Protein chains: 2
Amino acid sequence: MNTRRAQILDAAAVLIGRQGYSATSIDDVIKESRLSGKSHFYHYFRSKEELGFEVLDRQFERFAERGLAILREPMIDPMERLSLFIDSLVAAHAARGCHGGSPFGTLAAEMADAHEGFRLRIAQVFVRWASQIQSLLWEARPQLLDDVDAVRLSRFIIAALEGGLMMSRVKRDIVVMEGIALDLKRFIVMHLREPNAVPHPSAGV
Amino acid sequence: MNTRRAQILDAAAVLIGRQGYSATSIDDVIKESRLSGKSHFYHYFRSKEELGFEVLDRQFERFAERGLAILREPMIDPMERLSLFIDSLVAAHAARGCHGGSPFGTLAAEMADAHEGFRLRIAQVFVRWASQIQSLLWEARPQLLDDVDAVRLSRFIIAALEGGLMMSRVKRDIVVMEGIALDLKRFIVMHLREPNAVPHPSAGV
DNA sequence: GGAAACTAGGACCGACCAGTCCTAAACGCA
DNA sequence: TGCGTTTAGGACTGGTCGGTCCTAGTTTCC
C-alpha cells in the first residue's frame with residue numbers, strides 16, 4: 001500500500017475519531033497530513049465518502065493486527081486471552097489519555113441513521129469483531145457451561161466495551177473504563193464451569 | 001415553558017439524535033419545527049450552541065420523567081424496578097424502529113473530544129443518571145451481597161445499555177438489544193444474596 | 001389603548017464546504 | 001532520454017453554514 005495514502009488514512013482516522021465525520025473537512029485532513037493542496041488529496045481519493053469508507057476498513061485491519069491478534073494467540077488459554085484482550089483495550093485507551101482515537105464508535109453513533117453505506121460497513125465490522133470472540137469461545141467450550149450463548153455473549157462483550165470507552169471518554173477518567181473492564185471480566189467468569197479456578201492470576205481481580 | 005420553544009427543542013433533539021450536532025443545521029431545525037425564518041429561530045435561541053446545550057438538558061429531564069421514574073416507584077421491589085427500567089429502554093428503542101431518538105449517545109460520541117462545554121454537560125447527565133441507579137441499589141442493599149460496589153455497578157449498567165443501543169442501532173436489529181438486556185439482567189442478579197429467588201417472574205428469562 | 005412579545009419573511013454577510021481545473025516542477029524507472 | 005506518477009500550489013465554482021439586520025403584521029396582557 002502506498003505510504004502517502006496510508007498517512008492520509010491515519011490522519012483522517014484520528015480527526016474523524018475526535019471530531020466526527022461531518023465536522024472533519026478535507027482541508028483539515030490535508031493540513032494534518034501535510035499535503036500540498038486539494039488536488040493532491042483528490043489524487044488519492046475520489047471523494048470524502050471514499051476516504052470515510054477506507055478509514056473504516058483500515059480501522060478494522062489495524063485493530064485486527066494489534067488487539068484481535070491476542071484473541072488468536074495459540075499458546076495462551078482462550079479465556080486468559082479474552083482477559084488480555086480487554087486489558088489491551090483499556091491500556092490503549094489510557095495511552096490516548098482517555099480521548100477517542102478510533103473512529104469506530106464515533107462513526108457508528110454519527111452515521112448509523114444518517115448514511116446507509118456507512119451503517120452497513122460499520123455493521124460488518126461489528127460482525128467480524130464478534131465472530132473473532134465467538135471462535136475463541138468455541139475454542140474454550142470445554143471450560144464453559146453448556147448453555148452459554150456464544151453469539152449473545154460476544155455481542156454483550158463488545159457493547160460493554162464500546163459503551164465503557166464512550167463513558168470513560170466523556171468523563172476523562174480511566175478508572176471508569178477500568179471498572180467496566182473489571183465487571184465485564186466478572187461476568188465472563190460467570191460462564192465458566194469452575195468460576196473459582198481462574199486459569200491465571202492476572203485474569204482475576 | 002414556552003410551547004414554541006419546546007417544539008424547537010424536540011425537533012432539534014430528534015435531528016441531532018439522528019444526524020449528529022454538526023450535521024444538523026439551523027435551517028434543518030427551522031424546517032422541522034415550521035418556523036418562519038432564521039430570525040424567528042434566533043428570537044428563541046442566541047446560538048446553535050445554546051440550542052445544543054438546552055437539548056441536552058431537556059434530554060435528561062424528559063428521560064427522568066419517563067424512564068427514570070420507574071427507578072423511583074416506591075411500591076415495587078427495587079431490583080424489580082431496575083429490571084423494568086431496562087425493559088422500558090428496550091421497548092422505547094424497539095418503538096423507534098431501532099433508530100436513534102435520543103441525542104445523548106450521539107452527542108457523547110461526537111462532542112466528547114471536540115467541545116469541552118458539551119463534554120462537561122454530558123458527563124453531568126451520566127452522573128445524574130448513575131446516581132439514580134446508585135440510590136436504587138442503596139435501597140436494595142438488604143438483598144445485595146456485601147461487597148457490591150454500587151458506583152461501579154451503576155456505571156457498568158449504563159455502559160452496557162448505551163453500548164447495546166448503539167450496536168442495535170447499527171445492526172437495525174432489536175434482538176441484539178434484547179440479548180444485551182438479558183445478559184445485563186443476569187449480571188445484576190449475580191449480585192443478589194439469593195440469585196435464584198427472583199422477586200418477580202418478569203425479571204428472569 | 002398601548003407596550004411588549006410573537007410571527008412572518010426577505011436580504012445579506014463572511015466563512016467554509018466539497019469538488020474541479022489548470023500549470024508545472026520533481027521523481028522513478030525502463 | 002523519455003514516460004508515467006507524484007508533488008506542488010493557486011484559482012475557482014456553486015452551495016451551505018451560522019449569524020445579523022430590517023420591516024411589518026399579529027397577538028397577549030396590563
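Just so it is clear, the structure is predicted and the values come from calculations on it, not from any experiment. We use all heavy atoms of the structure for the numbers below, so side chains are in, but hydrogens, waters and symmetry mates are not. Proteins get letters first, then strands, A, B, ... in listed order; numbering begins at 1 in each.
- Residue contacts for A:Ser47: at a heavy-atom cut-off of 4.0 Å it reaches the sugar-phosphate backbone alone, with no base atom in range.
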Identify all pairs in which a protein N or O lies below 3.5 Å from an N or O of nucleotides 14-16 of chain D, and state each distance.
none

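- Per the geometry, OH belonging to B:Tyr42 stands 17 Å off P belonging to C:dT7, to the nearest Å.
- Judged by the 6.0 Å distance and 45° axis criteria, B:Arg4 is not positioned over the aromatic ring of B:Tyr44.
- Contact detail for A:Arg119 and A:Ala112: the closest heavy-atom pair is CG-O, 3.1 Å.
- In this structure, A:Lys48 is not positioned above the aromatic face of A:Tyr42 in the sense of NZ or CZ being under 6.0 Å from the six-membered ring centre and within 45° of the axis.
- Summarising the geometry, the separation between NZ on A:Lys38 and C1' on C:dT23 is reported as 18 Å, rounded to the nearest angstrom.
- Nucleotides of DNA chain C nearest to A:Ser22 and B:Leu35 differ in position, and the one nearer the 5' end is that of B:Leu35.
- Considering only side-chain N and O atoms, A:Arg4 lies under 4.0 angstrom from the phosphate OP1 or OP2 of D:dA8.
- Taking the centre and axis of the six-membered ring of A:Phe45, the NZ or CZ atom of A:Arg5 falls inside the cone set by 45° and 6.0 Å.
- Checked against the 6.0 Å centroid threshold, A:Phe63 and A:Phe104 do not count as a close aromatic pair.
- In this structure, A:Arg186 fails the cation-pi test against B:Phe187, since its NZ or CZ atom is not both closer than 6.0 Å to the six-membered ring centre and inside 45 degrees of the ring normal.
- One can place NE2 of B:His40 at 4 Å from P of C:dT7, the figure rounded to the nearest angstrom.
- Taking atom CD1 of B:Ile26 as the reference point, atom P of C:dG9 lies 19 Å away to the nearest angstrom.
- Atom pair A:His43:NE2 and C:dG19:C1' shows a separation of 17 Å (rounding to whole Å applied).
- Within 4.0 Å (heavy atoms only), A:Thr24 reaches sugar-phosphate atoms of the nucleic acid but no base atom.
- Between the side chains of A:His115 and A:Glu49, at least one donor N or O sits under 3.5 Å from an acceptor N or O.
- A:Phe41 places its CZ atom 18 Å from the C1' atom of D:dT5, with the value rounded to the nearest Å.
- Distance NZ (B:Lys31) to P (C:dG9): 15 Å, rounded to an integer number of Å.
- When the C1' atom of C:dT7 is taken as reference, atom OH of B:Tyr44 falls 8 Å away, rounded to whole Å.
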